[in-house]
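Input: a single structure, listed below in structure tokens.
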Amino acid sequence: TEPALIRNFCIIAHIDHGKSTLADRMLQITGVVEQRQMREQYLDRMDIERERGITIKSQAVRMPWSPPEDAGGGDGGRGTAHILNMIDTPGHVDFTYEVSRSLAACEGCILLVDAAQGIEAQTLANLYLAMENDLTIIPVLNKIDLPAAQPEKFAAELAGLIGCDPADVLRVSAKTGQGVGELLDEVVRQVPAPVGVADAPARAMIFDSVYDSYRGVVTYVKVVDGMLGRRERIKMMSTGAQHELLEIGTNSPEMTPADGLSVGEVGYLITGVKDVRQSKVGDTVTRLSKGATEPLGGYKDPKPMVFSGLYPVDGSDYPELRDALDKLQLNDAALVYEPETSAALGFGFRVGFLGLLHLEVIRERLEREFGLDLIATAPNVIYRVVLEDRTEHVVTNPSEFPVGKIEEVFEPVVRATILTPSEYIGSVMELCQNRRGTLLGMDYLSEERVEIRYTLPLAEVVFDFFDQLKSKTRGYASLDYEPTGEQSSQLVKVDILLHGDKVDAFSAITHKDKAYAYGVRLVARLKELIPRQAFEVPVQAAIGSRVIARETIRAIRKDVLAKCYGGDISRKRKLLERQKEGKKRMKMVGSVEVPQEAFIAVLSSD
Ligand code: GDP
Ligand code: MG
């Protein structure tokens with residue numbers, strides 16, 4: 001297809017504002033999916049996505065569309081419609097880099113906002129990304145069929161935000177289809193056609209790659225310059241890896257092979273590789289012979305931000321956990337892990353994630369799709385520790401934090417954007433202040449809604465920040481954040497000791513002003529959860545050799561069997577059996593028996 005007839009666009013929306021429903025309606029109206037095949041949320045293929053209503057992986061669909069003016073003059077008579085490529089962007093903070101690559105493949109975007117809710121922080125962050133990428137933005141209010149819709153109010157808010165006339169804000173109902181055809185007409189009119197050099201060496205940008213168990217990795221690209229054809233030999237520019245194009249084509253919405261893709265076109269490549277790390281998001285694909293020498297800009301390696309130890313509840317599941325992680329990694333270039341041993345939890349893995357949602361999704365998939373029962377240690381960030389002798393240590397496991405002779409410790413920070421009704425400004429600022437935040441600025445979107453920006457240590461955000469924010473604002477605030485670097489902080493390691501033995505799974509890095517509270521809380525918790533033993537067990541929190549909190553679990557006074565008054569043998573046996581069963585779920589930590597449940601309870605964030 002000629003570039004002049006192509007329109008590449010994406011939809012930016014907050015969760016539940018109707019992106020999937022709108023996409024469904026577009027597929028239907030353009031005739032790409034026939035009525036009888038239509039099922040809800042056609043594009044959300046993964047089960048977890050469906051259930052949680054979040055889109056994790058982006059995809060691209062090609063749809064033909066002719067606005068009324070096509071039919072009159074021009075090429076309408078010759079039956080050439082415009083080609084719309086809708087590129088689905090992941091909708092969550094953890095995937096900012098993937099969002100930025102999807103946006104880079106587009107010339108325009110639909111900013112979709114629920115007409116009963118207004119814009120949310122996440123949408124705002126993605127809108128700013130779209131603006132940075134110079135995309136044409138089409139503001140749209142969805143759900144105008146709802147009685148609670150306030151299109152006038154939110155049209156004004158949107159118009160103020162992007163600097164257009166409120167009358168230019170389109171109004172649709174993705175549910176009923178009202179206004180969706182007109183929206184597609186506007187996409188053709190407003191979104192610029194892609195520009196590229198047709199006779200230059202081929203350069204295509206990878207904006208997504210997905211592992212398919214039958215076909216191997218499916219790589220989604222936008223061709224920027226030149227052309228890629230079937231059976232051609234190609235090269236990945238970041239690694240130099242070479243492959244043969246076994247298949248090239250477009251999604252409409254199922255994979256449809258083609259002879260090639262040219263300037264401005266969006267489609268998929270199949271090379272037979274089995275691991276998504278061979279097709280990195282952001283990388284440039286070129287031809288092997290007479291290929292491009294300069295890659296397209298913007299490539300970055302995915303970098304894990306949050307770490308957690310994952311251990312099978314049943315130690316014999318370790319090989320299955322390893323196999324499951326291997327499988328998930330085929331489809332997830334950002335997932336990293338290495339084996340780790342914990343004195344308390346046994347054999348497991350230290351796993352790196354892009355953020356908390358990523359962690360949750362992976363954990364849930366391990367449990368659900370692979371049937372594993374897991375213990376996860378509290379999530380932590382990466383610390384960079386500089387010792388007095390100027391050597392540097394990168395710490396991804398708090399128990400490995402060096403002791404003594406520390407010159408300086410650096411922790412990652414994020415720039416957080418919070419949108420809240422103005423009545424909660426005070427509570428939001430108090431929360432951010434408690435979390436060691438630095439106020440960057442504040443803007444009113446309207447009289448009732450405020451955007452507040454803070455720099456916060458990532459470690460403070462990963463620990464129940466979002467839940468706190470929600471509860472302090474009755475659920476009205478929304479949050480987005482992006483990593484912005486690191487800062488030097490007064491951080492210490494707090495160890496927990498049971499009967500004098502360190503329990504590595506409970507070691508944590510905290511700010512020195514919060515160490516005491518952390519120690520007191522954990523020690524009290526453990527005292528509650530660990531049953532009495534035959535001897536007295538001190539539970540202590542310590543920084544280095546200095547104890548900062550202490551509780552004592554008192555010894556059991558008499559043998560349990562004494563309760564059975566000698567006579568009844570069967571009761572005695574039952575009691576012994578029950579004890580034995582209980583023991584199976586106990587872990588020995590030094591000389592202390594700790595029930596599995598205690599670990600799970602202490603490590604879960606509430
Ligand atoms: P997404 O999270 O942005 O993909 O949102 P969905 O498309 O999953 O929609 C979230 C919810 O809003 C679903 O229950 C939809 O049925 C509903 N919804 C979407 N569009 C409309 C609309 O135009 N009108 C009404 N009344 N409901 C809608
Ligand atoms: Mg969706």
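Predicted, not measured: the structure shown is a model, and the values here were computed from it. Computation of the quantities below employed the complete heavy-atom set of this structure, encompassing side-chain atoms and omitting hydrogens, waters and symmetry-equivalent molecules. Atoms within a ligand are numbered from 1 in the order they appear, just like the ligands themselves.
The side-chain hydrogen bond (donor to acceptor under 3.5 Å, both in side chains) pairs that include a residue from residues 175-192 are Trp65-Asp185, Glu69-Arg189, Ser173-Thr176, Glu186-Arg189, Glu186-Gln190, where partners are two or more places apart or lie in different chains.
Side chain of Ser422 to backbone of Glu447: a donor-acceptor contact under 3.5 angstrom is found. Side chain of Thr284 to backbone of Met205: no donor-acceptor contact under 3.5 angstrom is found. Side chain of Gln278 to backbone of Asp275: no donor-acceptor contact under 3.5 angstrom is found.
Using a 4.0 Å cutoff on heavy atoms, Gln178 does not count as a contact of ligand 1.
Below 4.0 Å from some heavy atom of Thr21 lie the following atoms of ligand 1, by number and element: 6 (P), 7 (O), 9 (O), 15 (C), 19 (C), 20 (N). Under a 4.0 Å criterion applied to the non-hydrogen atoms of Ile15, ligand 1 contributes the atoms 2 (O). Close approach of ligand 1 to Ser20 (heavy-atom distance below 4.0 Å) involves ligand atoms 1 (P), 4 (O), 7 (O). Atoms of ligand 1 lying under 4.0 Å from at least one heavy atom of His14, given by number and element, are 3 (O).
Of the polar atoms of Ile144, none of the N or O atoms is found under 3.5 Å from an N or O of ligand 1, judged by distance alone. For Gly18, a nitrogen or oxygen atom sits less than 3.5 Å from a nitrogen or oxygen atom of ligand 1, counting backbone and side chain alike.
The residue from Lys143, Arg171, Lys175 that puts a heavy atom closest to atom 17 (C) of ligand 1 is Lys143.
Classified by interplanar angle (parallel below 30°, tilted 30° to 60°, perpendicular above 60°), the ring pair Phe207/Tyr220 is tilted.
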Derivation and outcome, side-chain contact (heavy atoms from CB on, under 4.5 Å), residues Cys10 and Leu103: CA-CA 7 Å; Cys10 57; Leu103 294 179; 3.3 Å; yes
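Annotation for Arg7 and Val188: closest pair NE-O, 2.8 Å, computed over non-hydrogen atoms.
In Leu146, the part holding a heavy atom less than 4.0 Å from any atom of ligand 1 is the side chain.
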